[in-house]
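Notes to accompany the following structure.
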Amino acid sequence: MSPTDTPLLQVTELEKSFGANRVLAGVDLEVRRGDVLVLIGPSGSGKTTVLRCLNGLETPDAGVVAFDGGPAVDFSTKVTKADRTALRDRSAMVFQHHNLFPHLTVIQNVIEGPVQAHGVAKADAVARAETLLARVGLAEKRDAYPSELSGGQQQRVGIVRALALQPQLLLFDEPTSALDPELVGEVLTVLRELANEGWTMVIVTHELGFAREVADEVLFFDEGVIVERGAPSELLRQPKKERTQRFLNRLLRPLDGPEPAAEDDA
Ligand SMILES: Nc1ncnc2c1ncn2[C@@H]1O[C@H](COP(=O)(O)OP(=O)(O)OP(=O)(O)O)[C@@H](O)[C@H]1O
Ligand SMILES: [Mg+2]
């Protein structure tokens with residue numbers, strides 16, 4: 001039987017509080033190999049916190065996180081450093097702001113993780129980085145510094161930096177929301193290509209057209225729980241829950257746009 005039948009990642013009852021603020025109140029997730037999950041939801045609903053918990057940047061208070069072939073790590077019990085490292089290395093995260101090191105060139109930024117954290121030989125890391133940079137159209141920017149790149153180019157380097165870690169799972173936290181509108185397309189194109197190549201991805205984004213096109217499943221978060229989940233064609237077009245409907249209506253109406261005209265104005 002093929003190993004692709006078991007999910008790559010299984011998350012059960014994930015909980016996280018910051019002081020009295022209960023940010024994740026029992027989140028269940030399942031990600032199958034090659035799938036693209038899109039998370040949507042209002043500000044403060046816990047989307048970033050979920051990604052950070054998966055990538056080891058936050059420690060959940062409770063819940064079980066299990067990658068296929070690895071230990072099921074139960075955060076309600078004592079978790080060893082080895083478990084933590086094993087979990088963290090399964091995924092790589094791309095942030096809203098690219099977070100490149102300003103004093104390092106593009107290639108130095110990309111090889112830093114593989115060389116420092118994974119002990120990859122420098123020559124191998126450079127060769128792989130060059131291949132990845134070429135794939136996103138940035139071969140000639142190899143020796144540029146981040147400040148010499150456009151926002152979209154910086155974000156593409158951020159994606160390459162995540163790919164260079166050779167993770168099983170890619171996590172994206174609103175990868176286009178800090179970009180000028182004309183630069184959004186080039187980053188979405190890279191994400192679309194990664195999806196087509198079979199990368200497994202969890203993406204927080206409010207680019208609904210993109211979500212409709214690439215997502216296998218869309219999850220609507222609110223107040224630390226998943227309120228509704230489903231295929232994009234269902235959840236984005238005909239949500240079952242009133243909260244989802246309200247959120248989508250708000251998202252689709254421009255923030256400072258006019259209120260819908262009253263019937264009798266016509
Ligand atoms: N390190 C932290 N310390 C204290 N509170 C935090 C921390 N990180 C997040 N929070 C709180 O947790 C809640 C959820 O935050 P989170 O960043 O996960 O939301 P989000 O859904 O990603 O929102 P947005 O759409 O604005 O990015 C918020 O109330 C936030 O203030
Ligand atoms: Mg966020």
Side-chain angles (χ1 to χ4, degrees), residues 9 11-29 31 36-65 75-76 79 84 87-88 91-100 151 154-155 158-159 161-162 169-181 183-184 187-188 191 201-212 214-215 217-230 232 235-236 239 241-256:
L9 169 67
V11 175
T12 317
E13 287 291 303
L14 200 67
E15 293 180 28
K16 177 74 183 173
S17 296
F18 293 105
N21 187 5
R22 191 151 189 245
V23 175
L24 301 181
V27 171
D28 295 315
L29 277 183
V31 191
V36 177
L37 249 63
V38 164
L39 310 186
I40 60 173
S43 182
S45 57
K47 307 177 300 291
T48 295
T49 304
V50 168
L51 298 191
R52 289 174 59 84
C53 285
L54 294 179
N55 196 222
L57 296 167
E58 297 288 355
T59 305
D61 301 326
V64 180
V65 179
F75 285 95
S76 54
V79 173
R84 225 183 273 278
L87 267 191
R88 194 198 54 208
S91 66
M93 186 152 164
V94 176
F95 301 87
Q96 187 168 18
H97 298 280
H98 56 76
N99 282 3
L100 300 177
Q154 291 176 17
Q155 196 57 310
I159 294 171
R161 197 171 53 162
L169 176 66
L170 290 170
L171 306 170
F172 294 89
D173 191 9
E174 303 204 44
T176 61
S177 65
L179 297 177
D180 290 338
L183 301 177
V184 168
V187 173
L188 292 183
L191 295 188
M201 311 199 272
V202 178
I203 309 174
V204 175
T205 183
H206 293 142
E207 295 285 342
L208 297 187
F210 169 78
R212 211 169 282 138
V214 304
E217 194 178 23
V218 180
L219 281 65
F220 173 61
F221 256 74
D222 198 10
E223 297 179 355
V225 294
I226 296 168
V227 173
E228 183 168 358
R229 61 181 87 201
L235 189 135
L236 298 176
K241 299 280 168 64
E242 201 259 333
R243 269 153 94 181
T244 318
Q245 180 72 65
R246 232 184 314 143
F247 173 76
L248 289 172
N249 285 347
R250 253 200 339 256
L251 204 62
L252 293 170
R253 198 176 68 222
L255 271 180
D256 48 3

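Note that ligands are numbered from 1 as they come in the structure, with each ligand's atoms numbered from 1 the same way. Numbering starts at 1 and runs along the sequence shown.
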Full working for salt bridge (Lys or Arg N to Asp or Glu O under 4.0 Å) between E228 and R243: CA-CA 9 Å; E228 183 168 358; R243 269 153 94 181; over 6 Å; no

Assess the residue pair R22 and E15 against the criterion (side-chain contact (heavy atoms from CB on, under 4.5 Å)); give the C-alpha distance rounded to whole Å, side-chain angles, the decisive distance to 0.1 Å, and a yes or no. CA-CA 8 Å; R22 191 151 189 245; E15 293 180 28; 3.4 Å; yes

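Residues passing the salt bridge (Lys or Arg N to Asp or Glu O under 4.0 Å) test with R52 are E58, sequence neighbours excluded. For Q155, there are no side-chain hydrogen bond (donor to acceptor under 3.5 Å, both in side chains) partners two or more places apart in sequence or in a different chain.
Residues L183 and L179 share a closest heavy-atom pair of O-CD1, 3.8 Å. In this structure, L171 and L51 approach most closely via the heavy-atom pair CD1-O, 3.7 Å.
Taking a cut-off of 2.8 Å, the protein N, O or S atoms nearer than that to the Mg ion (ligand 2) are T48 OG1.
Judged by distance alone, with hydrogens and angles left aside, the side-chain atoms of T205 form a donor-acceptor pair with the main-chain N or O of E207 at under 3.5 Å. Although no hydrogens or angles enter the test, the distance criterion places a donor-acceptor pair under 3.5 Å between the side chain of K16 and the main chain of T59. Distance alone, capped at 3.5 Å, is enough to place a donor-acceptor pair between the N55 side chain and the S91 backbone.
Protein residues with a heavy atom under 4.0 Å from ligand 1 are F18, N21, V23, P42, S43, G44, S45, G46, K47, T48, T49, E58, E174.
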